[in-house]
Amino acid sequence: MTDMPSDSLSWDWHSEDSGANEICQPEQIGILNSTLLSLAFVIGTILNGASLYIFWFCIRKWSPGLILQFNLALADVLVTPSIPFMIAYSSLSYWPFGPFLCQLKLFLLKANNFSSIYFLTLISIHRYHMIVHCTTKTWFKEAWFIKLVCVVVWLLVLFQGIPFFFILKTSEINNATQCLGIHQNDLLFSYFVWDMVMVSIGYIIPLIVSIICYSLLSCFIVRLKHNQLKSKNMKLKSLRMIVVSFVLLVICFLPVHISRTVAVTVRFFHPEQSKYLNFVKSIYYKCLVLSSFNCCLDPLLYFFTSKKFKGSLKRVMMPTRSCAKM
């Protein structure tokens with residue numbers, strides 16, 4: 001995810017190619033974005049709050065898979081504080097919160113985007129090793145190694161997000177303060193280059209790795225003997241993980257990365273194409289709202305793939321029983 005526009009966002013640019021002073025007015029986004037973001041905020045806050053409670057208070061022994069899922073839940077929590085600012089920005093048509101909160105919002109959105117993709121990829125790698133190489137000792141089965149990888153991921157996310165925190169800033173456009181990303185005229189080349197690098201490191205490579213792991217895993221579970229109860233349970237759990245993970249990686253993240261990359265490219269190379277740029281941005285903002293629902297879908301991954309998480313959730317839902325540590 002990245003910055004959210006206002007409903008009636010207005011920004012101007014002076015076309016260097018045409019040599020004319022031209023004002024490019026984007027289409028209005030409408031109140032639907034604010035409504036959907038509010039829905040994502042409420043559902044995501046409830047589900048992720050419950051998930052963190054179960055991880056922290058109800059599960060005593062964490063397997064490597066649970067460690068990765070817990071970090072994915074933390075990644076989802078990152079986006080929660082930024083959504084109310086996005087909703088207010090979309091409703092007010094200007095940014096009233098100052099440059100620091102604008103930069104913080106962008107940083108949190110980028111951190112959520114990158115960390116969610118990385119941890120989903122690590123979950124796919126871990127699942128592949130646990131099922132396909134179940135009899136082989138590998139580092140991905142060791143809790144200490146997974147913890148180390150998680151620390152490296154968070155450091156990488158911090159490195160990727162810091163430039164957005166310091167470079168992007170508020171802009172005064174048409175006498176209104178805007179918290180911009182794609183629309184920003186300053187440092188346009190830097191933003192273009194950084195976006196191209198990040199879409200490769202932060203999405204394309206993780207997506208390829210996940211596709212390879214889940215393809216190999218799918219081929220393996222298809223060959224499992226169906227008359228064994230353990231094989232049936234393993235096959236069902238793995239198929240659920242594959243479906244949920246691909247929905248998150250492809251449905252939630254692919255459209256927003258493609259549309260943003262196209263928008264940034266058009267903005268950089270063909271700023272005079274006002275009509276086409278507005279069309280691409282309109283698609284991008286819709287995809288941006290769609291990507292915000294990843295924090296609502298991640299708890300399905302915990303429920304379908306973790307027996308401990310599912311059992312703890314059932315205990316929490318039973319009013320006559322307390323949440324005993326597992």
Side-chain angles (χ1 to χ4, degrees), residues 1-6 9 29 33-34 36-45 48 71-92 95-120 153-154 156-171 177-184 187 190-191 194-199 201-203 206 248-249 251-261 263-264 281 283-298:
M1 295 174 67
T2 183
D3 59 294
M4 192 69 197
S6 62
L9 180 63
I29 304 302
N33 279 355
S34 297
L36 292 176
L37 283 171
S38 300
L39 183 63
F41 174 74
V42 173
I43 297 176
T45 300
N48 287 292
N71 279 271
L72 180 59
L74 288 179
D76 290 333
V77 171
L78 282 177
V79 76
T80 304
S82 64
I83 293 182
F85 291 103
M86 295 164 64
I87 296 171
Y89 183 31
S90 183
S91 302
L92 295 173
W95 181 261
F97 306 110
F100 174 78
L101 288 179
C102 172
Q103 294 165 329
L104 180 62
K105 173 181 74 78
L106 294 171
F107 172 78
L108 291 176
L109 292 175
K110 287 295 181 181
N112 164 257
N113 189 300
F114 292 135
S115 57
S116 295
I117 292 172
Y118 289 147
F119 285 118
L120 284 170
V153 167
W154 285 115
L156 178 60
V157 168
L158 182 64
F159 169 76
Q160 291 175 319
I162 280 180
F164 291 97
F165 188 88
F166 289 103
I167 294 177
L168 297 182
K169 56 183 180 296
T170 57
S171 302
T177 303
Q178 305 293 347
C179 179
L180 306 175
I182 290 175
H183 317 293
Q184 187 171 341
L187 302 172
S190 299
Y191 183 76
W194 190 252
D195 185 81
M196 295 299 109
V197 173
M198 289 301 100
V199 76
I201 299 176
Y203 184 73
L248 288 166
L249 285 172
I251 303 300
C252 289
F253 293 113
L254 180 60
V256 71
H257 278 86
I258 292 178
S259 58
R260 187 185 69 244
T261 301
V264 171
K281 287 188 299 177
I283 296 176
Y284 165 67
Y285 292 133
K286 292 178 175 63
C287 295
L288 183 59
V289 174
L290 176 64
S291 68
S292 67
F293 280 89
N294 80 89
C295 63
C296 304
L297 296 176
D298 283 336

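All of these numbers come straight from a predicted model, not from anything done at the bench.
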How many angstroms lie between atom [atom1] of [X] and atom [atom2] of [Y], to the nearest 0.5 angstrom?
X: Tyr203; Y: Leu254; atom1: OH; atom2: CG; value: 4.0 Å
X: Ile43; Y: Ser38; atom1: CD1; atom2: OG; value: 11.0 Å
X: Gln103; Y: Ile162; atom1: CD; atom2: CD1; value: 12.0 Å
X: Cys296; Y: Leu39; atom1: SG; atom2: CG; value: 7.0 Å
X: Ile117; Y: Leu72; atom1: CD1; atom2: CG; value: 11.0 Å
X: Cys252; Y: Leu120; atom1: SG; atom2: CG; value: 9.5 Å

If you look at every heavy atom in [X] and [Y], which pair is closest and at what distance?
X: Val79; Y: Asp76; answer: CG1-O, 3.1 Å
X: Tyr118; Y: Val153; answer: CB-CG1, 3.9 Å
X: Pro255; Y: Ser259; answer: O-OG, 2.8 Å
X: Leu290; Y: Ile251; answer: CD2-O, 3.2 Å

Can you find a heavy atom in the side chain of [X] that is under 4.5 Å from one in the side chain of [Y]?
X: Phe114; Y: Met198; value: yes
X: Leu104; Y: Leu108; value: yes
X: Ser292; Y: Leu37; value: yes
X: Leu288; Y: Arg260; value: no
X: Cys295; Y: Asn48; value: yes
X: Gln160; Y: Lys110; value: no

Legend entry - Check: Phe253 main-chain N/O paired with Asn294 side-chain donor or acceptor under 3.5 Å: no
Legend entry - Test item: Thr45 side-chain N/O and Val42 main-chain N/O as donor-acceptor pair under 3.5 Å: no
Inset, instruction - Specify whether Phe97 and Trp95 have parallel, tilted or perpendicular ring planes, treating 30° as the upper limit for parallel and 60° as the lower limit for perpendicular. - result: perpendicular
Legend entry - Within the 6.0 Å centroid threshold, strictly below: Phe119 and Trp154: yes
Legend entry - For Ser82, the option from Leu109, Leu101, Ile87 that meets side chain to side chain contact (heavy atoms under 4.5 Å, CB included): Leu109
